[in-house]
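Here the structure is laid out as structure tokens; the discussion comes afterwards.
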2 protein chains.
Amino acid sequence: MKQTPELISGDCSECPIRHRAVCSRCEPEELDELEQLKYYRTYKAGQTIAVRGDDLTTVSSVVTGTATLSRVMEDGRTQIVGLLLPSDFIGRPGRTHAQYDIQAISDVTLCCFRRAPFEQMVTRTPHVSERMLEMALDELDAARDWMLLLGRKTAREKVASFLLLIQKRSARPGGEELGEDLRLELPLTREVMATYLGLTIETVSRQLTALRKDGVIDVQGKKVIVIKDLIALMMESGDDDDGGILD
Amino acid sequence: MKQTPELISGDCSECPIRHRAVCSRCEPEELDELEQLKYYRTYKAGQTIAVRGDDLTTVSSVVTGTATLSRVMEDGRTQIVGLLLPSDFIGRPGRTHAQYDIQAISDVTLCCFRRAPFEQMVTRTPHVSERMLEMALDELDAARDWMLLLGRKTAREKVASFLLLIQKRSARPGGEELGEDLRLELPLTREVMATYLGLTIETVSRQLTALRKDGVIDVQGKKVIVIKDLIALMMESGDDDDGGILD
DNA sequence: CGCTTAATTGACACGATTCAAAGATAGTGG
DNA sequence: CCACTATCTTTGAATCGTGTCAATTAAGCG
């Protein structure tokens, strides 16, 4: 679990998620206000950030690392219902208790705000609430796409869709259309994949093997997957194109 | 498909969804402004309201009736990703194309606004955008709960959960703790149920039969289901309680 | 280099789907 | 008012995909 401790300056203008988080639309003076409220908190990989029912005294943005949102049934069956990546927001106005379990799956840094002052701030600064609405609606779309996957896709389609999701999210903007950003470094175990896809570990493993044998991907060790045939993988995922809906 | 045409006055203060829709927090003068923009549009049961990719020139609130949001795969597999009930909102700021197919499953009346003027209005009236954020986050929670259902629940649990969902939503506020609002009039065919639950029609039918044979429910004709044992049904649904998270 | 944990593979079981047919229901017209 | 018809629902039998349980292999770390 060694990881270079990423030193994060207190200066919001230097923040790696400056342009995407809830604060992305803020004017300099609004940023100043946020800057006074915020503080950082870090979690190690595997650590629990919150469990369902917890009193949420803070809200936060993910600055670095990855966390999962999940729901657990009484008998232990678990479904990951969201992946929290840098710039994603944790908590919501008007809700004092956590609805989901939140776990760090890599080392995570959060930019935290005490809830009450943050909520006051939000009502005063439309730039924050506008951005929060936009982010919430994006998450809603993502959740609904995932519902299609969970409800209707086969195991093979699920795994293919997952690899494409990771590929899209880890793509460095600009440059990868040259073709060779198709090497995925998964920060995730098979268990996390399975829990996200509504499958078992064994099934995920079998589907990866099958895709490898069919020449679509290459599996190198536990954490690296190379997409050998992106077009084929897209076909396997069962997704149609977006019909030109990329507002 | 006969249905008494519900005459809806143009007066927002008389509106059946006045207290729950995006406009619920508006001051009288804000309502006046909305009133000038709005117009009603009706759809018959079964009619398509929008298909994925459509140019959305309007946004709207459901006033009466029920509609579904769904995603369809190329080969026809379909998943309903949301139920639109009175007060639910259709469309989103900053998005010009429909992301989902929208279909009326009963006769539906929408309160419509042309998109551009509505968006301008929203930026000026925080009461609307606040409410939209709240509603979006509620929908997100509902979507995530549904992900647990789709990913991890058995067919029997899915059907039980569905009946409880309908029961909760059709419960008249106050009064049903006397016990006998447990007669559900489903406006839905088995097909809609199946498409919502990620199952086939046959499986839904079998599970309803099984629940009936076990004395949990009673099925009267196609559209009426009586919950004979609510506690048992809750057990069957696989949901734990909410841990006291009812903000 | 060995040890611990994660991942893979295999055999089998079970639940849900598929395909097919019969039964019930609601709407229509005589 | 009843028969007729189209549609929806239920039921049955066989199949297929994924889960379960168990054993083996590989990877990563001290």
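Chain letters run A, B, ... following the sequence lines, proteins first and then strands; every chain starts at 1. Computed over heavy atoms, backbone and side chain alike; hydrogens, waters and symmetry mates excluded.
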Identify, between A/Lys222 and A/Thr154, the residue whose nearest nucleotide on DNA chain D lies closer to the 5' end.
-> A/Thr154
Looking only at side-chain atoms of B/Arg190, point me to the closest of D/dT9, D/dT20, C/dT17.
-> D/dT9
Round to the nearest Å and state the distance from A/Asp75 atom CG to D/dG19 atom P.
-> 15 Å
Rounded to whole angstrom units, what separation is found between the CD1 atom of A/Ile201 and the P atom of C/dT9?
-> 15 Å
Nearest-Å distance for atom pair CZ/C1', residues A/Arg212 and C/dT8 | 10 Å
From D/dG19, D/dT20, D/dT11, pick the nucleotide closest to the side chain of B/Arg206?
-> D/dT11
Rounded to whole Å, the CZ-P distance (A/Arg77 to D/dT18) equals 18 Å
Figure out the NZ/C1' separation between B/Lys223 and C/dA24, and round it to whole Å.
-> 14 Å
Where the side chain of B/Thr209 is concerned, which of C/dT9, C/dA16, D/dT11 is the nearest nucleotide?
-> D/dT11
Would you say B/Arg144 and A/Arg71 make side-chain contact, with heavy atoms under 4.5 Å?
-> no
Please report, rounded to the nearest Å, how far the P atom of D/dT18 is from the NZ atom of A/Lys153.
-> 14 Å
Using the closest heavy atom to pick a nucleotide of DNA chain D for each, name whichever of B/Gly221 or A/Glu202 lands nearer the 5' end.
-> B/Gly221
Give, for atom CG of A/Leu211 and atom NZ of A/Lys213, the distance between the pair rounded to the nearest 0.5 Å.
-> 11.5 Å
Using a 4.0 Å heavy-atom cut-off across all strands, classify A/Leu208 as base, sugar-phosphate, or nothing.
-> nothing
Can you tell which of C/dT8, D/dT10, D/dT18 lies closest to the side chain of A/Thr203?
-> D/dT18
Report which part of the nucleic acid B/Ser205 touches: base, sugar-phosphate, or nothing (heavy-atom distance under 4.0 Å, all strands).
-> base
N/O donor-acceptor pairs under 3.5 Å from side chains in residues 221-230 of chain A, not counting sequence neighbours:
residue	atom	partner	partner atom	Å
A/Asp229	OD1	A/Ile231	N	3.3
A/Asp229	OD1	A/Ala232	N	3.0

Below 4.0 angstrom from OP1 or OP2 of D/dT18, is there any side-chain N or O of A/Thr200?
-> no
Between the side chains of B/Gln103 and B/Thr48, is a donor N or O closer than 3.5 angstrom to an acceptor N or O?
-> yes
Mind calculating the distance between CD (A/Gln220) and C1' (C/dA7) to the nearest angstrom?
-> 16 Å
Considering only heavy atoms and no angle criterion, is a donor-acceptor pair shorter than 3.5 Å present between the side chain of B/Glu191 and the base of D/dC8?
-> no
Take the protein atom CD1 of B/Ile217 and the nucleotide atom C1' of D/dT10, then report the distance between them rounded to whole Å.
-> 14 Å
Looking at A/Leu84, A/Thr58, A/Leu56, which hits side-chain contact (heavy atoms from CB on, under 4.5 Å) with A/Ile90?
-> A/Leu84
